[in-house]
Amino acid sequence: MELPAVNLKGCIVFSGSYAWANFTILALGVWAVAQRDSIDAISMFLCGLLATIFLDIIHISIFYPRENLRDVGRFGAGMAILSLLLKPLSCCFVYHMYRERGGELLVHTGFLGSSQDRSAYQTIDSPEAPADPFAVPEGRGQDARGY
């Protein structure tokens with residue numbers, strides 16, 4: 001009597017690149033939580049989460065098995081879809097952590113709202129223009145020197 005062929009995929013329906021991407025982001029998340037003062041760690045985790053949302057949508061839409069799906073496979077696919085649905089909420093929490101650690105939004109566009117300039121530096125442009133652009137500052141007048 002022969003045993004039926006065993007599906008080697010097991011309970012992970014989307015193996016390969018799906019698993020590598022999500023486990024890598026999980027490792028980045030552990031690193032970001034462990035490094036409480038690092039803005040780089042949390043920003044890499046946030047960018048990775050955003051990238052895996054995009055990659056998960058593509059991966060699930062292309063590689064979802066349409067037929068011969070057993071209960072274990074349906075459960076694995078359901079958990080992948082649930083994970084995809086919860087990732088935007090995770091991004092909101094991670095972005096909040098990023099802001100708490102001192103990170104700022106990298107794109108400052110004026111039409112989206114008022115920009116808040118938090119720097120301690122003063123701009124080069126001054127509100128008052130000098131009356132005479134060719135005027136020499138006091139104490140630095142040209143001396144009549146004899147050579």
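By convention here, the first residue in the shown sequence is residue 1.
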(message) Let me check something: do V33 and W31 share a hydrophobic cluster, defined by ILVMFWY side-chain heavy atoms less than 4.5 Å apart, either directly or through other members?
(response)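 No, separate clusters.
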(message) Side-chain heavy atoms nearer than 4.5 Å, only ILVMFWY residues, links allowed to pass through others: does that put I57 and I81 together?
(response)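 They do share one cluster, since a chain of ILVMFWY contacts under 4.5 Å joins I57 to I81.
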Using side-chain heavy atoms (C-beta onward) and a distance below 4.5 Å, is [X] in contact with [Y]?
X: H59; Y: L84; answer: no
X: T24; Y: T52; answer: no
X: I53; Y: L49; answer: no

(request) Quick one: pull up CD in E100 and CZ in R36 and give me the separation to the nearest 0.5 Å. (result)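 It comes to 10.5 Å.
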(message) To the nearest 0.5 Å, what is the distance between OG on S90 and CG on L85?
(response)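 Answer for the OG-CG pair, S90 versus L85, is 11.0 Å.
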(message) Would the distance check show the side chain of S83 and the main-chain N or O of M79 forming a donor-acceptor pair, the cut-off being under 3.5 Å?
(response)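 No, S83 side chain to M79 backbone: no donor-acceptor pair under 3.5 Å.
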(request) List for me each residue that meets side-chain hydrogen bond (donor to acceptor under 3.5 Å, both in side chains) alongside D71, sequence neighbours excluded, and say none if there are none. (result)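 Testing D71 for side-chain hydrogen bond (donor to acceptor under 3.5 Å, both in side chains), a comparison that skips the adjacent residues, returns R74.
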Check residues 39-48 and write down every donor-acceptor pair under 3.5 Å in which the side-chain atom is one partner and the other belongs to a residue at least two apart or another chain.
| from | atom 1 | to | atom 2 | distance (Å) |
| --- | --- | --- | --- | --- |
| S43 | OG | I39 | O | 3.1 |
| S43 | OG | D40 | O | 2.9 |

(request) Specify the closest pair of heavy atoms between R101 and Q35, including all atoms of both residues, with the distance to one decimal. (result)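 Looking at all heavy atoms of both residues, the shortest contact is NH1-O, 3.0 Å.
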(message) Suppose clustering is done on Ile, Leu, Val, Met, Phe, Trp and Tyr with side-chain heavy atoms closer than 4.5 Å. Which residues sit in the same group as F93?
(response)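 When side chains under 4.5 Å apart are linked, the cluster holding F93 also contains L89.
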